[in-house]
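Have a look at the structure below before the remarks.
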Amino acid sequence: MNNIGVLMTCPMSEYLENQLENRFSLFKLWNHSSPKPDFLKTHSSSIKAVVGNTKIGADANMIDSLPNMEIVASYSVGLDKIDLGKCKEKGIKVTNTPDVLTDDVADLGIGLALAVLRKMCVCDRFVRSGNWINGDFGLASKFSGKSVGIVGLGRIGSAIAKRAEAFNCSISYHSRSKKPNTNYKYYSNIVDLAADCQILFVACALTEETHHIVNRKVIDALGPKGILINIGRGAHVDEPELVSALLEGRLGGAGLDVYENEPNVPEQLFSLENIVLVPHVGSDTEETSKAMADLVISNLEAHFKGMPLLTPVL
């Protein structure tokens with residue numbers, strides 16, 4: 001397969017990059033001096049596959065620029081950076097990496113909730129600053145027994161629910177439709193869900209329908225004692241409304257792994273002690289990074305060998 005051209009859209013995993021180089025003819029979109037359109041035009045006849053991620057996938061312009069492209073493999077479970085309509089129109093196959101990252105993202109979601117409620121980052125600074133010698137830190141809020149709302153009860157949402165249940169939390173959820181085989185309380189309206197929970201986890205896919213699904217009404221329904229945890233996509237949340245709610249005390253706190261304009265984060269958040277910010281690292285562990293890369297490689301090899309894809313989207 002060394003003669004098959006594969007385009008990698010941006011730096012991802014060193015292991016993935018090495019594996020692609022060992023198996024295919026690898027083109028690195030970021031590693032060239034010519035303008036992107038010129039680069040794609042020069043190599044358009046050679047590139048048959050694109051490997052993208054949550055930063056750069058395959059938009060309509062890229063797809064139209066690569067007439068011999070047969071498959072897009074996402075080094076992510078998310079598909080919002082891929083023009084699925086254009087892929088379907090042109091008969092291009094699409095894969096992603098579900099399941100292998102579920103545990104890590106769910107773990108981080110619970111970790112963010114614990115960190116916000118127990119003020120872990122503030123506690124860390126308190127100890128490091130030497131202030132403990134002057135008196136005890138004070139009280140935080142418990143996680144166990146809280147009412148949890150989950151937006152999107154897919155793989156990751158279900159994994160969050162399972163973990164939260166271990167803390168004796170009551171679970172409710174909102175999704176496009178009621179899920180079978182679950183006893184969790186279903187809300188067809190996200191505002192009602194937010195009003196009836198103390199911690200709201202955002203774990204749905206990013207689509208036109210879920211863009212800014214967490215808006216001012218949802219934030220205000222969650223209220224000054226509520227906690228928002230976003231491990232989905234930054235655009236799920238109306239970020240200016242979130243910032244103003246936190247600054248004005250209309251929201252109790254937040255744990256964020258994703259942002260609307262990554263890597264840019266609103267500077268107004270930096271001084272707040274009721275939020276925890278992490279740099280989109282939900283699936284970033286050594287174990288999961290390798291498993292995701294292996295799945296990308298396996299899907300590409302399956303396609304070019306004429307075998308069924310392991311995790312087909314299209």
Side-chain angles (χ1 to χ4, degrees), residues 12 53-55 76-78 80-81 101 103-129 131 137-138 140-141 143 146 148-152 156-157 160 163-164 194 197-204 206 210-216 218-220 222-285 288-289:
M12 300 174 204
N53 65 359
T54 57
K55 295 178 181 177
S76 164
V77 69
D80 49 286
K81 297 298 183 179
L101 53 72
D103 284 341
D104 274 347
V105 178
D107 287 350
L108 182 67
I110 296 296
L112 284 171
L114 284 164
V116 173
L117 289 163
R118 298 303 300 268
K119 303 180 181 179
M120 289 183 183
C121 294
V122 185
C123 283
D124 179 80
R125 292 193 294 270
F126 180 77
V127 173
R128 291 174 187 269
S129 68
N131 284 334
F137 177 76
S141 181
F143 176 59
K146 287 283 195 294
V148 165
I150 301 173
V151 183
I156 293 172
I160 290 171
R163 286 155 173 75
C197 70
Q198 295 166 290
I199 309 170
L200 184 66
F201 289 87
V202 182
C204 56
L206 180 60
T210 63
H211 182 269
H212 284 187
I213 190 171
V214 178
N215 53 26
R216 185 181 182 114
V218 174
I219 292 169
D220 285 346
L222 192 54
K225 292 185 178 180
I227 304 296
L228 176 69
I229 306 296
N230 189 6
I231 45 79
R233 290 288 182 268
H236 283 133
V237 178
D238 187 330
E239 202 163 80
E241 289 292 351
L242 174 63
V243 171
S244 65
L246 288 165
L247 291 173
E248 296 166 11
R250 291 185 288 109
L251 182 66
L256 307 175
D257 181 42
V258 289
Y259 312 86
E260 279 211 80
N261 300 296
E262 296 175 4
N264 301 305
V265 179
E267 293 185 5
Q268 303 99 307
L269 299 179
F270 295 166
S271 62
L272 299 180
E273 294 192 338
N274 59 339
I275 62 173
V276 175
L277 308 173
V278 294
H280 202 154
V281 293
S283 60
D284 289 2
T285 65
T288 293
S289 178

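Quick caveat, the model's predicted, so the values are computed rather than measured.
If you take CG on Leu117 and CG on Leu114, they are separated by 7.0 Å, rounding to the nearest 0.5 Å. To the nearest 0.5 angstrom, Ile199 atom CD1 is 6.5 Å from Lys146 atom NZ. Taking CD1 from Ile231 and NE2 from His280, the interatomic distance works out to 9.5 Å, rounded to the nearest 0.5 Å. In this structure, the separation between CD1 on Ile156 and CG on Asp103 is 10.0 Å, given to the nearest 0.5 Å.
Not counting sequence neighbours, Glu239 has no partner by the salt bridge (Lys or Arg N to Asp or Glu O under 4.0 Å) test. Remark: Asp238 pairs with no residue by the salt bridge (Lys or Arg N to Asp or Glu O under 4.0 Å) rule, at least two apart or across chains. Considering only residues two or more places apart in sequence or on other chains, Ala106 meets the side chain to side chain contact (heavy atoms under 4.5 Å, CB included) condition with Ala159, Ile160, Arg163. In terms of the side chain to side chain donor-acceptor pair (under 3.5 Å) criterion, Asn274 has no residue partners (sequence neighbours excluded). Legend: residues meeting side chain to side chain contact (heavy atoms under 4.5 Å, CB included) with Cys197, ordered by chain and number and at least two apart, are Ser147, Leu200, Leu222. A search for ring pair (Phe, Tyr, Trp, His ring centres under 6.0 Å) contacts involving Tyr259 returns nothing, not counting sequence neighbours. Partners of Ser129 by side chain to side chain donor-acceptor pair (under 3.5 Å), not counting sequence neighbours, listed by chain and number: Asn131. Ser289 meets the side chain to side chain donor-acceptor pair (under 3.5 Å) test with Tyr75; sequence neighbours excluded.
The side-chain heavy atoms of Asn53 and Lys81, taken from C-beta on, include no pair separated by under 4.5 Å. Counting only heavy atoms from C-beta outward, the side chains of Arg118 and Cys123 never approach each other to under 4.5 Å.
Screening residues 119-128 for salt bridge (charged side-chain N to carboxylate O under 4.0 Å, His left out), with sequence neighbours left out, gives Asp124-Arg128. Within the structure, salt bridge (charged side-chain N to carboxylate O under 4.0 Å, His left out) pairs that include any residue of residues 226-235 comprise Asp80-Arg233 (at least two apart or interchain). Judged as a salt bridge (charged side-chain N to carboxylate O under 4.0 Å, His left out), not a single pair has a partner in residues 255-273 (not counting sequence neighbours).
A pairwise comparison of heavy atoms in Gly109 and Phe201 identifies O-CE2, 3.3 Å as the closest pair.
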Pairs under 3.5 angstrom only: tabulate donor-acceptor contacts from the side chains of residues 246-253 to other protein residues two or more places apart or in another chain.
from, atom 1, to, atom 2, distance (Å)
Glu248, OE1, Arg250, NE, 2.7
Glu248, OE1, Arg250, NH2, 3.3
Arg250, NH1, Asp220, OD1, 2.6
Arg250, NH2, Ser244, OG, 3.1

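A donor-acceptor contact shorter than 3.5 Å is absent between the side chain of Thr210 and the backbone of Ile213.
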